[in-house]
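Numbers here are sequence positions counted from 1.
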Amino acid sequence: MLRVAGAGRSRPPAPPMMIQVSHLTRRYGRTTAVDDLSFEVARGEVAGFLGPNGAGKTTTLRILCGYLAATAGEAIVAGYDVRRDSLEVRRRIGYLPENCPLYPDMRVDEYLRYRAALKGVPARRVRDRVAAVKAQCGIEEVGHRIIGQLSKGYRQRVGMADALVHEPELLILDEPTIGLDPNQILQTRELIRSLGGRHTILLSTHILSEVEAVCGRALILQHGRCIASDATANLRKLRRGRRRVRVELRAPPEELLRALRALPGALAAEETAAEGEGWRRATVDCEEDADPRPAIFRAAVERGWDLREVRLEEQRLEDIFVQLTRDDDAAPAPANAAGTPGAAP
């Protein structure tokens, strides 16, 4: 009996990591844009890709998409080597660049059908896939419109629909909310959140609140190297130094500052504002592991002061980003620097 080569073989299981980047380097002449970069992104994860201008984010994304060749190192996407299996990698990626290149003279439906066919969607499924991504991206009512006549927000949504039309395993989004109004930004964030789990998403953005809103993990680049990689909540632990507590009390100013400076773990205290009827606002900087809030409450009770607010100031991702990227000689953080993935959102 004639056997077809490979018949009956089961497809090898998909690797748990969607992206595996190892010692990746890209040079432009004497300039090194990506410098021995290593990180991983798990399947179904939504990861934020952060860094100041010139950190190597866009160059890395272009290497992953097969648009640029690396000078050295290795990049694996969905188990395929980007250098050796470029076509297989591209079939599995949906890419939305910062300035989405659309055909302005085509109508939305016409463009999406063309892109679906170009990306290998079977002819019998093109209509259904175009309808599905139009619904996902909220562009059903503009299908008949010419792309060049659409607003910036709608053009961005058409670009997102284009990236999704062939049902890619990996979505690479470069500044997906740039130029959108607040309502469109919220809609885009909700869309990205809804895609997590079904797609792996690598999101490059300068809007750090966006990473906190939609990403389970953040990778921070500096000078082409990964200097931090962890769950966004855990990254706050990387910020070394002081904690700050804000208080609002009705108390004499001299006594207020004297009492605050005497708190356990307090490093400094200053009054920030005064209001009517004796209300005063102040901040207390304290040691990293100190929490003076119970002591502030007791001090207010003992002195008969009215207490209206006592609040521990949350560390924001912006604070972490500034601290980690401020120093030109920043070294990779020891914990998870190689890109150990955190929990998916």
Nearest heavy-atom approach of Ile63 to Arg26 is CD1-CB, 3.9 Å

Query raised in the report: Going through the checks in order, is the side chain to side chain contact (heavy atoms under 4.5 Å, CB included) test met by Ile172 and Cys65?
Result: CA-CA 8 Å; Ile172 295 180; Cys65 292; 3.7 Å; yes

Practice problem: Would you kindly check if the NZ (Lys) or CZ (Arg) of Arg107 is within the cone defined by 45 degrees around the ring axis of Tyr111 and under 6.0 Å from the six-membered ring centre? | Solution: no

Is there a path from Met18 to Leu87 through hydrophobic residues (I, L, V, M, F, W, Y) whose side chains come within less than 4.5 Å of each other?
-> no

Q: Determine whether Tyr80 and Tyr95 fall in the same hydrophobic cluster, where Ile, Leu, Val, Met, Phe, Trp and Tyr are linked whenever their side-chain heavy atoms lie under 4.5 Å apart.
A: yes

Do the side chains of Asp162 and Lys119 get close enough for a salt bridge, i.e. N-O under 4.0 angstrom? yes

Student check: side-chain heavy atoms of Leu249 and Trp279 closer than 4.5 Å:
no

Rounded to the nearest 0.5 Å, the CG atom of Leu221 sits from the NE2 atom of His223 at a distance of 11.0 Å

Smallest heavy-atom separation, Val165 atom then Val133 atom, equals CA-CG1, 3.7 Å

Exercise for the section: Given salt bridge (Lys or Arg N to Asp or Glu O under 4.0 Å), test Glu45 with Arg217 step by step and report yes or no. Expected result: CA-CA 8 Å; Glu45 188 175 11; Arg217 188 163 62 99; 2.6 Å; yes

Under a 3.5 Å threshold, yes or no: a donor from one side chain and an acceptor from the other, between Gln149 and Tyr154? no

Mind running side chain to side chain contact (heavy atoms under 4.5 Å, CB included) on Leu219 and Ser229 for me, showing each step along the way?
CA-CA 4 Å; Leu219 300 99; Ser229 172; 3.9 Å; yes

Neighbour count >12 (heavy atoms, 6.0 Å) for atom CZ, Arg62: no

- Query: Under 3.5 Å, is there a donor-acceptor pair between the side chain of Thr71 and the main chain of Arg27?
  - Reply: yes

Rounding to 0.5 Å, atoms OG1 (Thr177) and CD (Glu210) come to a distance of 3.5 Å

Has Ser22 got a side-chain atom pairing as donor or acceptor with Glu74's backbone, closer than 3.5 angstrom? no

Exam field: side chain Gln184 to backbone Asp181, donor-acceptor pair closer than 3.5 Å: yes

Heavy-atom nearest pair, Leu64 first then Val89, reads O-CG1, 3.6 Å

Notebook entry, point to check: Is Asp109 salt-bridged to Lys134, going by a charged N under 4.0 Å from an acidic O?
Noted result: yes

Any ion pair linking Glu167 and Arg198 (charged N to carboxylate O, less than 4.0 Å)? no

*Does the distance from a Lys or Arg side-chain N to an Asp or Glu carboxylate O, for Arg193 and Glu190, drop under 4.0 Å?*
yes

- Item | Expected output: side-chain Arg280 to main-chain Ala251 donor-acceptor under 3.5 Å | yes

Between Leu102 and Arg155 the two heavy atoms that sit nearest each other are CD1-O, 3.4 Å

Same hydrophobic cluster for Leu195 and Leu186, using side-chain heavy-atom links shorter than 4.5 Å among ILVMFWY?
-> no

- Query: Is the backbone of Arg246 close enough, under 3.5 Å, to the side chain of Thr283 for a donor and an acceptor to pair up by distance?
  - Reply: no

Side chain to side chain contact (heavy atoms under 4.5 Å, CB included) evaluation trace for Gln187 with Arg157
CA-CA 10 Å; Gln187 291 166 0; Arg157 294 191 208 182; 2.9 Å; yes

Close side-chain approach of Cys137 to Val158, heavy-atom, < 4.5 Å
no

| message | Grouping I, L, V, M, F, W and Y whenever their side-chain heavy atoms are under 4.5 Å apart, do Val247 and Phe297 come out in a common cluster? | response | yes

In Glu309, Glu248, Glu271, the residue satisfying salt bridge (Lys or Arg N to Asp or Glu O under 4.0 Å) with Arg281 is Glu248

Check your understanding: Do Phe49 and Leu61 touch side chain to side chain, with heavy atoms closer than 4.5 Å?
Key -> yes

So do the side chains of Ile139 and Leu112 get within less than 4.5 Å of each other, counting heavy atoms only? yes

Tell me, with the steps shown, if Val82 and Ile76 meet side chain to side chain contact (heavy atoms under 4.5 Å, CB included).
-> CA-CA 6 Å; Val82 170; Ile76 306 294; over 6 Å; no

So, do Tyr114 and Val130 sit near enough that their side-chain heavy atoms are less than 4.5 Å apart? no

Path from Val284 to Val301 over hydrophobic side-chain contacts below 4.5 Å: yes

Please assess Glu88 against Arg92 for the test salt bridge (Lys or Arg N to Asp or Glu O under 4.0 Å), listing each intermediate value before the final yes or no.
CA-CA 7 Å; Glu88 290 296 335; Arg92 289 160 175 79; 2.7 Å; yes

Are Leu171 and Leu202 side-chain neighbours, meaning at least one heavy-atom pair lies under 4.5 Å?
-> no

Could you tell me whether the side chains of Thr200 and Glu169 share a donor-acceptor contact shorter than 3.5 Å?
-> no

Interatomic distance, CG@Leu96 vs CE@Met160, rounded to 0.5 Å, equals 5.5 Å

Rounded to the nearest 0.5 Å, the OH atom of Tyr28 sits from the OG1 atom of Thr59 at a distance of 3.5 Å

SG (Cys226) and CG (Leu37) are apart, to the nearest 0.5 Å, by 6.5 Å

Polar side-chain atom of Gln156 near backbone of Pro176 as donor-acceptor pair, under 3.5 Å: yes

In this structure, OG of Ser204 is separated from CD of Glu98 (nearest 0.5 Å) by 8.0 Å

Short side-chain to backbone donor-acceptor contact, Thr25 and Asp35, under 3.5 Å = no

Pair Glu254 + Arg258, salt bridge at N-O below 4.0 Å: no

(request) Mark yes or no for whether Lys57, through its side chain, and Leu50, through its backbone, hold a donor-acceptor pair below 3.5 Å. (result) no

Heavy-atom nearest pair, Gly159 first then Cys100, reads CA-SG, 3.5 Å

Between Arg90 and His166 the two heavy atoms that sit nearest each other are O-NE2, 4.4 Å

Determine, for Arg83 against Asp81, whether the closest basic-nitrogen to carboxylate-oxygen distance falls under 4.0 angstrom. no

| request: Determine whether Pro168 and Ile93 make a side-chain contact, defined as any pair of heavy atoms from C-beta on separated by less than 4.5 Å. | output: no

Inset, instruction - Compare all side-chain heavy atoms of Trp305 with those of Glu255 and state whether any distance is below 4.5 angstrom. - result: yes

